[in-house]
Amino acid sequence: MDTALYYFSGTGNSLSVARTIKDQITDCEIFPIIGCLKQRPIKISAQRVGIIFPIHFMTIPRIVCEFLSEMNFQKPQYIFVIVTGANPKLGNALSLAVKYLQALGQTLNAGYFIPMVAAHFPYISLSKTKHPDQQYQEAHKKVLDISKKIRQLENGFDKEFAVFADIKQLVTKETKAKEKFFTIDDGCIRCGYCMQVCPFQNIRLHGKHIQRLDNCHSCFACLHFCSKSVIQYKKLSVGKPRHHHPSVSLNDISLQRNL
């Protein structure tokens, strides 16, 4: 059975999950959601399909919603979703994914949450109880367990979803026009990392200034990959450490623009 994994990742967590699953499953390929959206219509011919993404503002990232609404399935036998984040079970990501797939006449067979080092500052603080290495190790162990369930086509959802799906219809915060919330402290050396890493090519070096365009998806890749840690999101990121998955590079994130 062939398997296709579609991912979106701002700081590498979801990409690392996709890579691990690919290593555990034969005849498996990884595709970036951003790149796929540039190749419309999006035809999904694989028999086993996974969608992997981080939780943003307690819900599905805008780019993933666009992808879910345009997927054109052929004859899938098994569809699963994996949500990553500091506390990915907070919010309505899985229940919303169910609704998108139902609108396409498809059934979500399995859904999983994978807690990882926080990368989305607005509402969630970095863990004060676990070292990042411990969190990454625990996440990797869970991904291996999920991979086994995928190979066996096991249906089911993490228990938090089963219990709270009906009440997790939280207010979805629109992520458009949030460029104004990002600022740059003194100390910027114009290295261009933010421009290079942005999956949406939304940042430009303009003379002595860093210019943001109007297509920010608040993925926080620029903030976490900044070489001097001078990019801020309001005051919520001030004084907080920056993290991206240790196995994922700046170039890995930027390559999502390609298919």
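Owing to the predicted nature of the structure, the values given are computational and were not obtained by experimental measurement. Just so it is clear, the values below take in all heavy atoms, side chains as well, and ignore hydrogens, waters and symmetry mates.
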Any residue meeting side-chain hydrogen bond (donor to acceptor under 3.5 Å, both in side chains) with [X], in chain and number order, not counting sequence neighbours:
X	value
S69	none
S229	none
S14	T84
E70	R40

Side-chain heavy-atom pair [X], [Y] within 4.5 angstrom cut-off:
X	Y	result
I79	I51	yes
P132	H243	yes
L15	H245	no
Q47	V49	no
H217	P61	no
Q135	M116	no
C28	L5	yes
S227	I189	yes

All side-chain contact (heavy atoms from CB on, under 4.5 Å) counterparts of P246, not counting sequence neighbours: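 If we apply the side-chain contact (heavy atoms from CB on, under 4.5 Å) test to P246, skipping adjacent residues, the hits are Y136.
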
Might you confirm whether atom NZ of K38 has over 12 heavy atoms from other residues, nucleotides or ligands at distances under 6.0 Å?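 Yes.
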
Considering residues, nucleotides and ligands other than F200, do more than 12 of their heavy atoms fall under 6.0 Å from its CZ?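 Correct, the count exceeds 12.
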
All salt bridge (charged side-chain N to carboxylate O under 4.0 Å, His left out) counterparts of R19, not counting sequence neighbours: D252

Using the salt bridge (charged side-chain N to carboxylate O under 4.0 Å, His left out) criterion, which residues pair with D185? Sequence neighbours excluded. none

Could you check whether F220 and F182 have their ring centres less than 6.0 Å apart? yes

List the residues meeting ring pair (Phe, Tyr, Trp, His ring centres under 6.0 Å) with [X], not counting sequence neighbours, and say none if there are none.
X	value
F31	Y6
F73	none
Y100	none
F225	H244

Distance, nearest 0.5 Å, that separates [atom1] of [X] from [atom2] of [Y]:
X	Y	atom1	atom2	value
K141	T20	NZ	OG1	15.0 Å
R257	C198	CZ	SG	7.0 Å
I60	N92	CD1	CG	7.0 Å
Y233	F181	OH	CZ	5.5 Å
L68	L104	CG	CG	8.0 Å
I253	T11	CD1	OG1	6.5 Å

Which is it for I82 and I21 under the side-chain contact (heavy atoms from CB on, under 4.5 Å) test, yes or no, and what are the steps along the way? CA-CA 11 Å; I82 298 177; I21 293 174; 3.5 Å; yes

Verify, without hydrogens or angle tests, whether K142 (side chain) and F113 (backbone) share a donor-acceptor contact under 3.5 angstrom.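 Judged by distance alone, yes, a pair lies under 3.5 Å.
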
Does H131 reach the main-chain N or O of D133 with its side chain, forming a donor-acceptor pair under 3.5 Å? yes

Could you walk me through whether S237 and Q232 satisfy the side chain to side chain donor-acceptor pair (under 3.5 Å) test, starting with their C-alpha distance in whole Å, then the side-chain angles of each, then the deciding distance to 0.1 Å, before giving a yes or no? CA-CA 6 Å; S237 60; Q232 307 291 356; 2.6 Å; yes

Could you see if L255 belongs to whatever hydrophobic cluster contains Y7? Use Ile, Leu, Val, Met, Phe, Trp, Tyr and a side-chain cutoff under 4.5 Å.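 Unlinked, L255 and Y7 end up in two clusters.
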
Would a single hydrophobic cluster contain both L223 and L236, if residues Ile, Leu, Val, Met, Phe, Trp and Tyr are joined by side-chain heavy-atom contacts under 4.5 Å?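 Yes, same cluster.
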
Minimum heavy-atom distance [X]-[Y], with the two atoms named:
X	Y	value
G187	K228	O-CG, 3.8 Å
V117	N13	O-ND2, 3.3 Å
I210	C194	CG2-SG, 4.1 Å
P199	S9	CG-O, 4.5 Å
K234	V238	O-CG2, 4.3 Å
A97	V81	CB-CG2, 4.2 Å

Tell me which one of D2, D27, T3 satisfies side-chain hydrogen bond (donor to acceptor under 3.5 Å, both in side chains) with R48. T3

Show the atom names and distances, to 0.1 Å, of all donor-acceptor pairs under 3.5 Å that link a side chain in residues 143-157 to residues at least two apart or in another chain.
{"residue": "S147", "atom": "OG", "partner": "V143", "partner atom": "O", "Å": "2.8"}
{"residue": "R151", "atom": "NH1", "partner": "Q24", "partner atom": "O", "Å": "3.2"}

